[in-house]
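Keep in mind that what you see is a predicted model, and the values were worked out from it rather than measured.
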Number of protein chains: 2
Amino acid sequence: MATMREVALRAGVSVKTVSRVFNDDPHVLPDTRRRVQEALAGLNYTPNSLARTFRDGRAPVVGVAVPSISDPFFAAIAGGVEEVASRHDMSVVVTSLGEDGDRERELVESLLQRQVGALVMTPVAADQSYLARWAARTPVVVVDRPARGVDVDCFVEDDLGGARAATAHLLARGHRRVAFAGDRESVPTTANRLAGYRAALEEAGLEVDPRLVQLGASDPDGAAAAARRLAALDPAPTALFSSDARTTMVLVPALASRRMAVTGFGDFPMASMLSPALTVVDQDPAALGRRAAERAMRRLDGSVEGAGEHVVLPVRLLERSSCRPPDRLLELFPWTVPAGAERVVWSSAPSGAPTAPARG
Amino acid sequence: MATMREVALRAGVSVKTVSRVFNDDPHVLPDTRRRVQEALAGLNYTPNSLARTFRDGRAPVVGVAVPSISDPFFAAIAGGVEEVASRHDMSVVVTSLGEDGDRERELVESLLQRQVGALVMTPVAADQSYLARWAARTPVVVVDRPARGVDVDCFVEDDLGGARAATAHLLARGHRRVAFAGDRESVPTTANRLAGYRAALEEAGLEVDPRLVQLGASDPDGAAAAARRLAALDPAPTALFSSDARTTMVLVPALASRRMAVTGFGDFPMASMLSPALTVVDQDPAALGRRAAERAMRRLDGSVEGAGEHVVLPVRLLERSSCRPPDRLLELFPWTVPAGAERVVWSSAPSGAPTAPARG
DNA sequence: TTGTACGCGTTATCAG
DNA sequence: CTGATAACGCGTACAA
C-alpha cells in the first residue's frame, strides 16, 4: 500500500519519475529506472486505481441493475454484460432492484453518482424519466423491458410474438381451453405476453375467458392458488401457457396431478427431462446482456450516437413432447418429435437469419 | 453534474458551507442554509461519490469473485452477499474468474487495487498466498472452497459429510455398484465429495472401483462420455452419486435411457418433478454468501479480529423418490416417501440446531 | 531526462 | 457560524 510519493522518496526521485517508470514511459535513464524499480519492488508498490479513476472522472465500471441477481435469468444477463465489459477492461457493479420499483430511482442514482462508465438496467418502476439528466453524460441501455419517460437504447425480446406462437401451438394441437399464468401485468414482459396469448386466441376465433388468466402465480403461494382456481373451472382448461420461467417452475409442480399440456416462456435446465417435457419459448438472456453492453461500449467510444435504438431480439419456440398427444395416439401424429428430442417449430427471426443454437 | 464549488459560487458561500448544508451539519444559519439549498436545487447538484470515496481511501464496495456469475449457484452466493452489503450501504462488484485459475490473481488484484472495502471470493487457483499482503488491510473471506497459502475467513459446506450421506443412502437401499460423477478433482469441493463417496463405500465394506469414478462430466460432452463409459461397465452401476448440480443437470439427461438411482450434491429447480424425483444434498448458497458478507462486515467494523475462522455449514440430505424401489415393490418399503413429497433423512447440523426449511 | 505545479471533488482542520 | 487551506494519489502541462 505504498504510494508513489513514498517510492519517490526512497528512490530519490520525483513522483513523476516514479509514475513514468511504473507506466513504462521510455523517457527515463536506464539507471534511474533501475533505482525506481528497486524502490517499487522494495516497497511493494500497488497503484491506487481509485485515485486514477477519480482523476479522470469516470470509473471503468459498467453498472448493472436488475430485479434480482439471484434469478438465473438476470444472472445470465449480468454474465453477458460482464463478458463484454471485461473485454473492455471494465468491471461490473450489480444491484438488485426488487420488483417493486420503490427503490429503483434511489439505487440506480446511487450507481450513477459513482460515475460508472455505463449503465445496463432492467426497469422495474413505472417511470424512468429521472434518467434523462444522466443519460446525457452516461450511456444507459435498458434490457428485457422498455424504459418509460426517457429515450435510451433498449434491447427486449419478442414477447408478443413468442407468446402468440406458444399459445397458437397449443391451439393447433386442438386445445380450446388454454389458460395463461404469469407474475403481474405491471411487468411489461408479462403484459406483452398476455397480449400475445390473447392475439393467438382471437386469431383462432376464440373468446378470451378472463377466468383462465391467472396472475400472481410466480411464487409458491400464488401458484398454488392459481392451480386451485384453474382446477375449479368448468370446463377446466386442458392446456396452459406460462408466461415466465419462474412461474413455470412453481406452477408445474402445483399442477402435477392434473393432466395439462404446457408451454412456457423461458427455458430452464431440465425442462426437457420433465414428463411430459416442456415446450418452451427459448430466450437468450446472455445475448441480451452482451448486446446491451456492446451498445453501451459503442456509445462510450462514440461510434454510435443519436437517439436511442429499440431492438427486439427474436425468440424461438422449442417443441418438446409436452404438447404431444398421449402415447397411444402417437402413430396418428407422425410429425411429433420423439421424446427427449426437440425441434424449433417457430422463430421470430427473419427467415434465413442466423440464430443461436438451442441450449440443452 | 454541478460541483460544490459551482454551488458555492452561486450561493455566495464557501464550498465547506455547501458541504455542511448538503450533509445536514447543524452549524449553519437558517438563512445561509436556505440560500445554499436554493443554489443546490437550481444547479441540480449531485454529489460525486467517487471523490468522497477517493478521499477516505476505501470504496463502499464489496468485491465478489466467483468462477462464473452466470452459474445459478454462484449467482445465489452473490445475491446473499449483496443482500448484506446493501444493508451496510455498500454495493457489490462481481468478477467471474473462470475455473482455470490462470487469471485469478490478476482479476482479484485488480479488484483489490480499486480499494474495495472487502472481498468475498471462491478460489479457483492452486494457491492464494498472494492475498496475504492485501488481507492485512482488506477483509478477505473465501466461500465454497478453502483458500490455500493464506489465513483468511472461510465458509464452506459439509462436502464430505453430505457426499458420504448421499452415497450411504444409496448403499442402504441395496445398491452395490454406485458410480461417482463430477467435474474435476482439482476443485476442492469435488475432491471432498469424492472422499465422502469413498468413505461411504469403505464403511460399507465395499471396494472402490476406479472405473466407477467419472470426472469431467459437468459439460455436455463430458457427460455423454461418462454415460457411455458407465454403460460399458460390466457389471454396470445401478446407482449414481453426482457431485454437483451442473453435473447432475447434464448427466441425468445423458443417462435417461438407463434405469439408475441417482442422488446429487446440490438442489436445483424442478429436481422434485423429475421421474424419478431426485434425492439431493440440499445446499444454501445464499446463506453462504450472507454469512461470508456478514463476517466481512464484522472484520470491517472491528468486531471480529484475529486469525481467520473456518466455518463448515451443515447440509441436509433431502429424500425424494429417486431412490425408492419400483412402484410394484412399494408396499414392501413402507418407509419410503410418497412421490412428490420430500423429507430430510440426514443433516450435518448438530442435532437440535435450527436448520433452514427445505426449498421447493 | 527530470522535476514543479496544478487540478480532479470532497471533507477535515483550524482560524476567525 | 463560516471560510481558507490542506490533503487524498495520480497524471498532465509545462519548465528546466
Side-chain angles (χ1 to χ4, degrees), chain A residues 1-37 39-40 43-61 89 109-110 112-117 134 137-138, chain B residues 1-37 39-40 43-61 89 109-110 112-117 134 137-138:
Chain A
M1 294 314 311
T3 72
M4 279 199 176
R5 178 153 49 204
E6 300 172 277
V7 176
L9 216 62
R10 167 138 162 187
V13 298
S14 75
V15 287
K16 180 57 206 171
T17 302
V18 175
S19 168
R20 277 196 264 263
V21 171
F22 190 75
N23 296 310
D24 292 317
D25 185 318
H27 302 294
V28 180
L29 284 184
D31 186 51
T32 313
R33 177 179 302 279
R34 191 171 40 252
R35 274 219 322 288
V36 171
Q37 278 168 337
L40 243 16
L43 260 47
N44 234 308
Y45 171 75
T46 302
N48 179 339
S49 27
L50 212 52
R52 194 186 348 240
T53 284
F54 164 62
R55 206 187 166 289
D56 36 73
R58 322 187 116 285
V61 165
D89 295 310
E109 290 200 317
S110 110
L112 260 358
Q113 283 172 197
R114 296 232 173 96
Q115 318 298 109
V116 294
W134 298 99
R137 208 182 90 93
T138 307
Chain B
M1 294 311 315
T3 72
M4 279 199 175
R5 176 145 57 198
E6 299 173 275
V7 176
L9 216 62
R10 169 141 162 183
V13 298
S14 75
V15 286
K16 181 58 198 170
T17 300
V18 175
S19 169
R20 278 198 262 262
V21 170
F22 190 76
N23 296 309
D24 292 317
D25 185 318
H27 304 292
V28 180
L29 283 184
D31 187 49
T32 314
R33 177 179 302 279
R34 192 170 40 251
R35 275 216 323 287
V36 171
Q37 279 167 337
L40 242 16
L43 260 46
N44 233 306
Y45 172 74
T46 302
N48 179 337
S49 27
L50 212 50
R52 186 178 358 228
T53 283
F54 163 62
R55 212 192 163 285
D56 40 70
R58 323 188 113 284
V61 164
D89 295 311
E109 290 200 317
S110 110
L112 259 359
Q113 282 173 196
R114 295 232 174 96
Q115 319 297 113
V116 295
W134 299 97
R137 207 182 90 93
T138 307

Within the 4.0 Å heavy-atom criterion, would you say V15(A) contacts the bases, only the backbone, or no part of the nucleic acid? nothing
For a quick check, tell me whether the side chain of R20(A) and the base of dG3(C) share a donor-acceptor pair closer than 3.5 Å. yes
Please check the phosphate of dT10(C) (OP1 and OP2 only) for any side-chain N or O of S19(B) closer than 4.0 Å. no
Atom CZ of R114(B) and atom P of dC8(D): how far apart are they, to the nearest Å? 23 Å
Heavy atoms from C-beta onward define the side chain here; which of dT12(D), dT2(D), dG3(D) lies closest to that of R55(A)? dT12(D)
Check this one for me: any side-chain N or O of T17(B) less than 4.0 Å away from OP1 or OP2 of dG3(D)? yes
Figure out the CZ/P separation between F54(B) and dA12(C), and round it to whole Å. 15 Å
At under 4.0 Å between heavy atoms, what does F22(A) touch on the DNA or RNA strands: base, sugar-phosphate, or nothing? nothing
In the structure I gave you, are the side-chain heavy atoms of L9(A) and E6(A) within less than 4.5 Å of one another anywhere? no
Which is more 5' along DNA chain D, the nucleotide nearest G12(B) or the one nearest A51(B)? Just name the residue. G12(B)
With a non-hydrogen cut-off below 4.0 angstrom, is T32(A) in contact with a base, only sugar-phosphate, or nothing? sugar-phosphate
Does any N or O donor sit under 3.5 Å from an N or O acceptor when you compare the side chain of K16(B) with the base of dA4(D)? no
To the nearest angstrom, the CE-P distance between M4(B) and dA4(D) comes to 16 Å
Minimum heavy-atom separation for R10(A) to L43(A), with atom names? NH1-CD1, 2.6 Å
Under 6.0 Å from the CZ atom of R137(B), do we count more than 12 heavy atoms belonging to anything else shown? yes
Given dT2(D), dA12(C), dG3(C), identify the nucleotide with an atom nearest to the side chain of V13(A). dG3(C)
Close side-chain approach of R58(B) and T138(B), heavy atoms under 4.5 Å: yes
Could you tell me the separation between the CG atom of N48(B) and the C1' atom of dC8(D), rounded to a whole number of Å? 14 Å
Would you classify P26(A) as touching base, sugar-phosphate or nothing, given that sugar-phosphate means primed atoms plus P, OP1 and OP2, and contacts are heavy atoms under 4.0 Å? nothing
Check: R114(A) and V61(A) side chains under 4.5 Å, non-hydrogen atoms: no
R5(B) side chain, from C-beta outward: closest of dC8(D), dG3(C), dC8(C): dC8(C)
Rounding to an integer number of Å, can you tell me how far D56(B) CG sits from dG9(C) P? 17 Å
May I ask you to test the Y45(B)-V18(B) pair for a side-chain heavy-atom distance under 4.5 Å? no
So, is R52(B) close to the dT11(C) phosphate, meaning a side-chain N or O under 4.0 Å from OP1 or OP2? yes
Can you check the H27(B) NE2 to dG16(C) P distance for me, whole Å? 20 Å
note: N23(A), atom CG; dC10(D), atom P; distance rounded to Å ~ 10 Å
What's the CG-P distance between L40(A) and dG9(D), to the nearest Å? 16 Å
